[in-house]
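Here the structure comes first, spelled out in structure tokens, and everything after it is commentary.
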Protein chains: 2
Amino acid sequence: MQTGATLTKVKRSASEPLRDQILQRCRMMLMAGHVVPGQKLPLRPLAEEFDTSLMPVRDALNRLVADGALELSSSRTIRVPDMSDERLIELHEIRRSLEGLAAEYATPHISVSSIDRMQELIGEMAEALKVDDFDTYIARHFSFHFTLYAAAERETLLGLIDRLWLQVGPYFRQGIEQAKTACENPNVAHIKIVAGLKARDSTMVRTSVEYDVFSAVDFLRTGIWPKGQ
Amino acid sequence: MQTGATLTKVKRSASEPLRDQILQRCRMMLMAGHVVPGQKLPLRPLAEEFDTSLMPVRDALNRLVADGALELSSSRTIRVPDMSDERLIELHEIRRSLEGLAAEYATPHISVSSIDRMQELIGEMAEALKVDDFDTYIARHFSFHFTLYAAAERETLLGLIDRLWLQVGPYFRQGIEQAKTACENPNVAHIKIVAGLKARDSTMVRTSVEYDVFSAVDFLRTGIWPKGQ
DNA sequence: TTGTTATAACTGTTATTACAATTTTTAAAT
DNA sequence: ATTTAAAAATTGTAATAACAGTTATAACAA
């Protein structure tokens, strides 16, 4: 299947449908950049790897298509969509708007322990980057942002932001690998976010998050078009 | 099935999968408020009405669950979700943010003929309201807003806004029927939107759209809790 | 009448199979 | 060697049936 990730069997349990277990796996693959743009994800090989029938795999992938994380190309093959300049910019206009909103709502409510955790995550991100452990970097980076956004306690908003991250996931990894050094720049935003939270300054947090998202555009662009098209 | 809408058979054609045809039907039912909050939508009766098997119906409904327009209650029955005060407010915080964004981007690009059409739609809305033709009112109201948002030419943004409308759809109809007279208020916003477009004043259009969304909250609340809980 | 238990009906999920369309491969002809 | 055409393999979709929960109903007991 060449998903780049180690896939093990999923088990049928009453608590969680196979579809959801498979969905979770596929989400991880996308977020971690373990699938590459343009890559096909045919149902049957995936079903074989998960040791299930087509149906739950089909359900999971259809869900991801609905979320814009995958696409149904003409002649109905499911693949990881390519990124265009326009789409990248649009996604980040929306990200800026929604993540800024979430950041603002989160600021008064977020717990001190969560802020401390975010502080730690900044350190762990730097550590991971030093040893080229991109998987860990991506995981910590995700935790950092979603610890903040979850504190806004807006379920629908969180879901929308999640969808947007799923769409940039496959390109984010390429961005880091290409522009590793440039990652210091976003980290400045991260530090300001934590500082803003400690001061309970909603405007500062929102502005810092918006800047973080803003700077991500150029960062991602270098990953998508390394030669500088 | 008691969907309130007239359902006819869907036909298997090469061009469009049954799932998408059924999805379209269900979307209409939700947007037009032809299903009521709390109502169950079991697969088998729907499949019988559409004269298909479970699968395409299941696909369509799962998609709507993913979109937040339907919910999988505990004990996995699919139903129209109830609206809470918190959810209503959250949805409109997001709506305001995203529809404001779309409005701003649309203003410089929207064609004169589209603006004219929007002007017409305001009239048609008033007409429909006079004769209690709520179906027409809802359809025209939808056209009015999405003519604007489509002009922004942001596919992902449009998709997100569409999702949000799908979630408020079932409650919008109740709102109109309950607070019919109060509908003059939103119309003021509509008129300002068109005026702003003619002047190509992005800020004015954005502000008017944001006010329209803002005023929709109270309006919808009267529909959801008519007694004034 | 009320509470409990067994039975039946109904729910979405999953597996299997068949299908139609597309893509790839193979073979033949130029 | 290149082009064309036929055949095989691969794709997602859809139908059917079996499954495992849950909910409703009915029968029985107190």
When the distance from CZ of Arg44(A) to C1' of dC19(C) is rounded to whole Å, what number comes out?
11 Å

Are Glu90(B) and Arg154(A) close enough, and set up right, to give a salt bridge (charged side-chain N to carboxylate O under 4.0 Å, His left out), and what steps lead you there?
CA-CA 7 Å; Glu90(B) 182 188 0; Arg154(A) 300 285 201 282; 5.4 Å; no

Quick one, Leu23(B) and Asp59(B) - any side-chain contact, counting heavy atoms below 4.5 Å?
no

Taking the side chain of Arg76(A) as heavy atoms from C-beta outward, which of dT13(D), dA15(C), dT11(C) is closest to it?
dT13(D)

Will you find, in the side chains of Ser97(A) and Ser97(B), an N or O donor that is under 3.5 Å from an N or O acceptor?
yes

If I take atom CD in residue Glu71(A) and atom C1' in nucleotide dT11(D), what distance separates them, rounded to the nearest angstrom?
15 Å

Please state how far atom CG in Asp51(A) lies from atom C1' in dA15(C), giving the value in whole angstrom units.
12 Å

Please report, rounded to the nearest Å, how far the C1' atom of dG12(D) is from the CE atom of Met55(B).
12 Å

Of the listed nucleotides (dG12(D), dT14(C), dG12(C)), which one gets closest to any side-chain atom of Ser53(A)?
dT14(C)

Choosing from dG12(C), dT11(C), dA14(D), which nucleotide comes nearest the side chain of Pro45(B)?
dT11(C)

Any side-chain heavy-atom pair from Arg19(B) and Met55(B) closer than 4.5 angstrom?
no

Regarding Arg25(A) and the six-membered ring of Phe50(A), is the cationic atom NZ or CZ under 6.0 Å from the ring centre and inside 45° of its axis?
no

Just call it for Ile78(A): base, sugar-phosphate, or nothing, with non-hydrogen atoms closer than 4.0 Å on any strand.
sugar-phosphate

Heavy atoms from C-beta onward define the side chain here; which of dT11(C), dT14(C), dT13(D) lies closest to that of Asp59(A)?
dT14(C)

Rounded interatomic separation in angstrom, taking CZ from Arg19(B) and C1' from dC19(C):
16 Å

Using whole Å, what does the distance between atom C1' of nucleotide dT13(D) and atom CZ of Arg58(A) come to?
6 Å

Between C1' of dC10(C) and CG of Leu41(B), the distance in whole Å:
15 Å

dT11(D) C1' sits how many Å from Arg79(A) CZ, rounded?
14 Å

Regarding the side chain of Leu18(B), the nearest nucleotide among dT11(D), dG12(C), dA15(D) is dA15(D)

Short heteroatom pairs, N/O only, protein and nucleotides 23-25 of chain D, under 3.5 Å:
{"unit_1": "dT23(D)", "atom_1": "OP1", "unit_2": "Ser75(B)", "atom_2": "OG", "d": "3.0"}

Compute the centroid of each ring, for Tyr149(B) and then for Phe146(B), and state whether the two points are separated by less than 6.0 Å.
yes

Between Glu99(A) and Leu148(A), is any pair of side-chain heavy atoms under 4.5 Å apart?
no

